[in-house]
**Student:** 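Just dropping this structure here.
Values below: all heavy atoms of this structure, side chains included; hydrogens, waters and symmetry mates excluded. Fair warning: this is a prediction, and the values are worked out from it, not measured in the lab. Convention: sequence-line order gives letters A, B, ...; per-chain numbering from 1.
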Protein chains: 2
Amino acid sequence: MFELTPIMEKFILQWGEMGSTWGINRATAQMAALLYLSPTPLTAEDLSETLAIARSTVSTGLRELQNWGLVKIVHILGDRRDHFEMISDAGELFRVIVRQRKAREVDPLLYMLRRSVDAAGEDNAQVRERLQEMLDFLEMVATLYDRTEQIPTKTLVRIGQQMEQMPVETLSRLVQLGDGFGESLSKIVKR
Amino acid sequence: MFELTPIMEKFILQWGEMGSTWGINRATAQMAALLYLSPTPLTAEDLSETLAIARSTVSTGLRELQNWGLVKIVHILGDRRDHFEMISDAGELFRVIVRQRKAREVDPLLYMLRRSVDAAGEDNAQVRERLQEMLDFLEMVATLYDRTEQIPTKTLVRIGQQMEQMPVETLSRLVQLGDGFGESLSKIVKR
DNA sequence: GTCAAGTTTCTGTATTTACCGAAACAACCG
DNA sequence: CGGTTGTTTCGGTAAATACAGAAACTTGAC
C-alpha cells in the first residue's frame, strides 16, 4: 500500500479528469499520475489498492500504458511480481502523448482524405478542390511534425527557451521573412 | 434540401466519426463537414434535412461552431433565415481547432499544476520536483505556441514547405546546434 | 396588438463507454 | 506434478453523453 498525501491525491484526481478530455480513460490516467509521482516502481496491486481500482482494470490500463511506451516493467530482487515504472522526463512524456494522438487522430484523417480525393476524380470539381486543400495542408503539417520528431527533446527545450526570450521585434521580422526563411536557416546551420 | 453525392456522403460520415475522436460530437462534426464542402451558405433547415439530424441538435451544433469561430452567419437578400458559412481556408480551420483544444486540454492542466506546486510547499520535495518539472516544460510549450500563434498561416505554410524540402543533412545539423539556435536566428532575421 | 416563421431550451430515451468482479489462464515453486 | 501467486479475458451493470421531439421563446410583418 501507498499512503497518498493530500497534494498527491488532488493531482491524481485532477489528472484523471484531464485524461478523459485527452482521450485516456480516467482509471488509466490516474494510474499514470501515481506512477509519475512515485519515487519507486509500484506493483499492480499497489495501484489497485491505492487508487481503489479493480485489479483487472489496472491490468488493462498498465498494458495500454506499456503499449504507448510510457511505462516499463522493472524487476526487483527477491520479488516475483512485476513492478511498474513511469517515464520520468516530462518532455519525453508529452512527446509520447503527442505521437500517440497524431496516430489516432491525424493519420486516419489523412488516410481518409487521400482516399476521398482519389475517389472524387469524376465528382464535382469544387468538392475535390476543397478536399485537396485540406489534404495539402495536413500533409505539410504531418511532414513538419515528422521532422521535429527527430530532434531530441533536450534540443527542442533549448529552442523553446531561446524563443521565449527572443524580443517580439525579432519575431515580427521572422514573420515577414517568408520565403527566405528556409534558405537562411540552411546558411546559418552550415556555418 | 441538398443532394449529396456519394463522395460527399462518405466524407461527411468519416469526418463525423473522426469528430468523436477529436472531442467534437458526431452531429456537429458532420455539420461542419457539409458546410465545408458546400459552395454556398446553408440554412439550419438544409443541414437538418440533408444530414437527418434533429432541428434542435443542428441549432446547438451551429452555436458551438460559431463560438469556436469556425462558422459565421451570412444573410441573403429576400430571405429572413440565417445562412451559415464555414471558414474555407484549411490552415485557418486547423489553427482554430488547435487553439480550441489547447484551451480545453492544456490550459486547465497548466492551471492545475500551478496550484499543485504552490500547495505542495510543505509536502514531499520529491513530489514537488516532479510537478515543477512538468510545469516548466508545459509553460515552455505554451509560450512557444503563443508565439507561433502570432505568425500568419500563410507564413507558417511557407516555413513548412521550406522545411519539407530542406535536406536531412541540414536538419541534423540544426539538431546539433542547440544553444546557438536562437542567437543565429536573431542574426539572420536582422539582416 | 396578432400571427407567422425561425430559433433555442429542456426533458426523456437510447447509445456508448468504463468499470467491476468472477472465472479462466499462465508462470513459477516445491 | 499440485499449489500458489500473478495476469488476462469476459459478461454484466452503472454512468456519462448524444440526440430527438416537444414546448417555450424571439423576431419581424401586418
Side-chain angles (χ1 to χ4, degrees), chain A residues 1-2 12-35 41-68 71-85 104-105, chain B residues 1 12-13 15-35 41-68 71-85 104-105:
Chain A
M1 187 80 185
F2 203 85
I12 289 167
L13 286 175
Q14 297 241 41
W15 184 271
E17 215 52 51
M18 198 60 44
S20 312
T21 319
W22 282 65
I24 299 158
N25 63 47
R26 202 190 324 282
T28 307
Q30 288 180 351
M31 291 163 48
L34 177 50
L35 285 173
L42 301 176
T43 64
E45 195 92 16
D46 289 335
L47 291 168
S48 174
E49 286 175 4
T50 309
L51 300 173
I53 288 172
R55 192 60 194 69
S56 55
T57 307
V58 169
S59 182
T60 51
L62 278 174
R63 186 149 42 81
E64 207 170 2
L65 290 173
Q66 281 174 272
N67 286 340
W68 293 355
V71 160
K72 66 176 187 217
I73 296 180
V74 174
H75 285 294
I76 289 185
L77 237 101
D79 196 336
R80 248 176 72 195
R81 299 171 300 175
D82 288 348
H83 291 242
F84 299 89
E85 188 182 56
R104 280 199 299 173
E105 301 175 1
Chain B
M1 186 80 184
I12 290 167
L13 285 176
W15 184 272
E17 215 53 50
M18 197 62 41
S20 311
T21 318
W22 283 64
I24 299 157
N25 62 47
R26 203 192 321 284
T28 307
Q30 288 181 351
M31 292 164 45
L34 178 51
L35 285 173
L42 302 176
T43 64
E45 194 94 15
D46 290 334
L47 290 168
S48 173
E49 286 176 5
T50 308
L51 299 174
I53 289 171
R55 191 63 193 68
S56 54
T57 307
V58 169
S59 180
T60 50
L62 278 174
R63 185 148 43 80
E64 206 170 1
L65 290 173
Q66 281 174 270
N67 286 341
W68 292 358
V71 160
K72 67 177 187 218
I73 296 179
V74 174
H75 285 293
I76 289 186
L77 238 102
D79 195 336
R80 247 177 74 195
R81 297 171 302 175
D82 288 348
H83 291 241
F84 299 89
E85 188 181 56
R104 279 199 299 172
E105 301 176 1

**Student:** Between A/E45 and A/R81, is the closest basic N to carboxylate O distance under 4.0 Å?
**Tutor:**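 No, this pair does not count.
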**Student:** Can you measure B/L47 atom CG to C/dT7 atom C1' for me and round it to whole angstrom units?
**Tutor:**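 Result: 14 Å.
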**Student:** Does a side-chain N or O from A/N25 land closer than 4.0 Å to OP1 or OP2 of C/dC19, or not?
**Tutor:**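 Checking C/dC19 against A/N25, a side-chain N or O does come within under 4.0 Å of OP1 or OP2.
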**Student:** Figure out the CZ/P separation between B/R63 and D/dT26, and round it to whole Å.
**Tutor:**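 Those two atoms, CZ and P, are 14 Å apart.
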**Student:** With sugar-phosphate meaning primed atoms plus P, OP1 and OP2, does A/A29 contact a base, only sugar-phosphate, or nothing at under 4.0 Å between heavy atoms?
**Tutor:**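 Since no nucleic acid heavy atom lies under 4.0 Å of A/A29, the category is nothing.
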**Student:** Would you indicate what A/R81 reaches in the nucleic acid, counting non-hydrogen atoms under 4.0 angstrom: base, sugar-phosphate, or nothing?
**Tutor:**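 Counting heavy atoms under 4.0 Å across all strands, the contact made by A/R81 is with sugar-phosphate only.
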**Student:** B/R80 side chain: which of D/dT27, D/dA20, D/dT9 is closest?
**Tutor:**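 Of the options given, the side chain of B/R80 lies nearest D/dT27.
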**Student:** In whole angstrom, what separates A/H75's NE2 from D/dT5's C1'?
**Tutor:**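 That distance rounds to 14 Å.
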**Student:** Within the structure, does a side-chain N or O atom of A/T57 lie under 4.0 Å from either OP1 or OP2 of C/dC20?
**Tutor:**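 Yes, such a contact exists.
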**Student:** If you assign each of B/A27 and A/R55 to its closest nucleotide in DNA chain D, which residue comes earlier from the 5' end?
**Tutor:**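 This one resolves to A/R55.
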**Student:** Could you report the tightest heavy-atom contact between A/R104 and A/W22, atom names first, then the distance?
**Tutor:**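 Looking at all heavy atoms of both residues, the shortest contact is NH2-O, 3.9 Å.
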**Student:** Can you measure B/I53 atom CD1 to D/dA18 atom P for me and round it to whole angstrom units?
**Tutor:**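 Atom CD1 in B/I53 sits about 13 Å away from atom P in D/dA18.
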**Student:** Specify the separation, in whole Å, of atom CG of B/D79 and atom P of D/dT27.
**Tutor:**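 Checked: the CG to P distance equals 18 Å.
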**Student:** Would you say B/D79 and B/H83 are linked by a side-chain donor-acceptor pair, where the criterion is simply a distance under 3.5 Å?
**Tutor:**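 Distance-only check passes for B/H83 and B/D79.
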**Student:** From the set C/dT7, D/dT9, C/dT9, return the single nucleotide nearest to any side-chain atom of B/D82.
**Tutor:**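 Comparing C/dT7, D/dT9, C/dT9 against the side chain of B/D82, the answer is C/dT7.
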**Student:** Out of D/dA20, D/dT8, D/dT7, which has the shortest distance to the side chain of A/A44?
**Tutor:**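 For A/A44, the side-chain atoms sit closest to D/dT7.
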**Student:** Taking the side chain of A/A54 as heavy atoms from C-beta outward, which of D/dG21, D/dT9, C/dG21 is closest to it?
**Tutor:**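 Out of D/dG21, D/dT9, C/dG21, the nucleotide with an atom closest to A/A54's side chain is C/dG21.
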**Student:** If we ignore hydrogens and angles and just use 3.5 Å, is the side chain of B/T50 paired with the main-chain N or O of B/D46 as donor and acceptor?
**Tutor:**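 Yes, the answer is positive, given that a donor and an acceptor are paired below the 3.5 Å cut-off.
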**Student:** Whole Å only: how far is the CG atom of A/D46 from the P atom of D/dT7?
**Tutor:**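 That distance rounds to 11 Å.
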**Student:** Identify which nucleotide among C/dA18, D/dT8, C/dG21 has an atom closest to any side-chain atom of A/S59, counting heavy atoms from C-beta outward.
**Tutor:**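 Selected nucleotide: D/dT8.
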**Student:** Specify the separation, in whole Å, of atom CD of B/E17 and atom P of C/dT15.
**Tutor:**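 Atom-to-atom, B/E17 to C/dT15, this comes out as 15 Å.
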**Student:** Tell me if a side-chain donor or acceptor on A/S48 pairs with a main-chain N or O of A/I53 at a distance below 3.5 Å.
**Tutor:**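 Yes, A/S48 side chain to A/I53 backbone: donor-acceptor pair under 3.5 Å.
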**Student:** In whole Å, what is the span from the CG atom of B/L62 to the P atom of C/dG6?
**Tutor:**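 After rounding, the reported distance stands at 15 Å.
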